[in-house]
Structures are given as structure tokens and as C-alpha cells.
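Following: one structure in C-alpha cells, then a few remarks.
Owing to the predicted nature of the structure, the values given are computational and were not obtained by experimental measurement.
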Amino acid sequence: EAQVTQNPRYLITVTGKKLTVTCSQNMNHEYMSWYRQDPGLGLRQIYYSMNVEVTDKGDVPEGYKVSRKEKRNFPLILESPSPNQTSLYFCASSLGGSRPLHFGNGTRLTVT
Amino acid sequence: GEDVEQSLFLSVREGDSSVINCTYTDSSSTYLYWYKQEPGAGLQLLTYIFSNMDMKQDQRLTVLLNKKDKHLSLRIADTQTGDSAIYFCAESRGYNNNDMRFGAGTRLTVKP
């Protein structure tokens, strides 16, 4: 089944403790992206990747890192999480261009 | 404010038609999308329309695009309780997924 898989689904952590949210897609998509969803704000793009080893900042990159060492994986790294990073995070992928995005089921992160 | 604007809530009775409206700001948008988000899940592509089209129909869904007013609407005919979800409007401003902008989402509640 074609899908985007994020792990974990839920995560509660404390300020400053490094964490990684994994994202994997099995559709051979070139484009991958991370979004955060906050009430009343819709989805805001954090980072995106057009292909392996090619990443760039989205609208809200501060406090986040990403890597794209393989085509299928695009982990999101929070080196020192803070409470304002409490949010619902989505990974998405596509074939590129303006083709529709395929989303994972989300990771709900709480930073205390 | 939001580049893509939607009303936050809509409530209808089962069997009625639902109309969800969206306004966007970039006249050079190439594609406009409607995504559906059910509780605990990621965004699922419902339908999309290319900017040179005025209307697209797909079973119970009708998308209308008014480029002059930069207005997009999604009509759901014979709305069912299973249609209760958050609906996101999104515009693609170029030919890359990283140029995509999302609205804040409209929560549709269908009452029996």
C-alpha cells in the first residue's frame, strides 16, 4: 500500500531533550516536506527536500533540522525542543512539480 | 493574516448541500486543491482544479473557481455524517510543491 509513515504518533518530552520524528514513503517520491499544524493557522511549512541531499527552509524553520540521505526517508530533528514547538506535525511527499501531496497521519508533539 | 482564507466552521443537516468557500491572493496560482482531514489522520486529497478551469465535478463534489475574484468553493451534494471533517483549501503558486499555501481549514459538522 502506498503510504507516508511517521513515527511516533504521539510524543511528550521536556524542554531541551533532543528528539527525532521519522518519516518514510514507499512511493519513490522525489519531493518531501514537513509541516506543522496549529489551531487557526493551517499548515505551515518547516523544511522541504526536492531530492536526496537537497533540502531547504520553509516558512518556519527555526529550531528544526532535517536530512535527506535516502530518497525514502526525511527525518525531522529538534535539537533542543521548546514549548512553542508543541504542535501537530505532518510529513508529506509527492512526485514533484505541482503534483498532489500525500500526507502521513501526523505526530502530536508536546514539549513541557 | 492568512494568504489563503476560509471560514473556520460550517454546520449542515444530513442530506443538505454544503458549500465551503476559500479566497486566495496570488493571481498566478497554478493549481488549487481541496484536502480533507478526518480526526486523527493526515490530509487526504479530495480534488484539485487547474487555474485555467472554471469548474470540476467529481461525483458529489463540485469545485468552482472564480479567477477574477480569486474565489474557490467546494460543494458537497447530499452531505452525509461521514463528511464531517476539516476541509483545507490550498493554492500552488508555481510549479513546485514548496510554493503551496494552505488555509486554516473549515470544520464541517453534519447533523443527523
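- Considering CG of L88(A) and CD of Q37(B), their distance stands at 6.5 Å, rounded to 0.5 Å.
- No side-chain heavy atom of H102(A) sits under 4.5 Å from any side-chain heavy atom of L43(B).
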- Message: I'd like to know whether R101(B) forms a side-chain contact (heavy atoms from CB on, under 4.5 Å) with D59(A), so could you lay out the CA-CA distance, the side-chain angles of the two residues, the decisive distance to 0.1 Å, and finally the verdict.
- Response: CA-CA 10 Å; R101(B) 293 290 181 268; D59(A) 296 319; 3.6 Å; yes
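- With a 4.5 angstrom heavy-atom cutoff, R9(A) touches chain B only via side-chain atoms.
- Side-chain atoms of Y33(B) and L101(A), non-hydrogen and from C-beta on, never get closer than 4.5 Å to each other.
- Side-chain atoms of Y31(B) and P100(A), non-hydrogen and from C-beta on, never get closer than 4.5 Å to each other.
- Proximity to chain A is absent for every atom of Q44(B), based on heavy atoms less than 4.5 angstrom apart.
- Counting heavy atoms of neighbouring residues, nucleotides and ligands inside a 6.0 Å radius, atom CD1 of I77(A) exceeds 12 of them.
- For D56(A), no part lies near chain B; criterion is any non-hydrogen pair under 4.5 Å.
- Listed here is the closest heavy atom pair of G40(A) and A104(B): O-CB, 3.5 Å.
- Formation of a donor-acceptor pair under 3.5 Å by the R44(A) side chain with backbone atoms of F102(B) is not found in this model.
- Neither the backbone nor the side chain of Q6(A) has a heavy atom closer than 4.5 Å to any heavy atom of chain B.
- Contact annotation: the side chain of R99(A) never approaches that of Y48(B) to less than 4.5 Å [non-hydrogen atoms, C-beta and beyond].
- Proximity of M100(B) to Y48(A): side-chain heavy atoms (C-beta onward) are nowhere separated by under 4.5 Å.
- Using a 4.5 Å cut-off between side-chain heavy atoms of Ile, Leu, Val, Met, Phe, Trp and Tyr, with links allowed through other members, L64(B) and L61(B) fall into different hydrophobic clusters.
- Taken together through direct or relayed side-chain contacts under 4.5 Å among Ile, Leu, Val, Met, Phe, Trp and Tyr, Y35(A) and V4(A) form parts of separate hydrophobic clusters.
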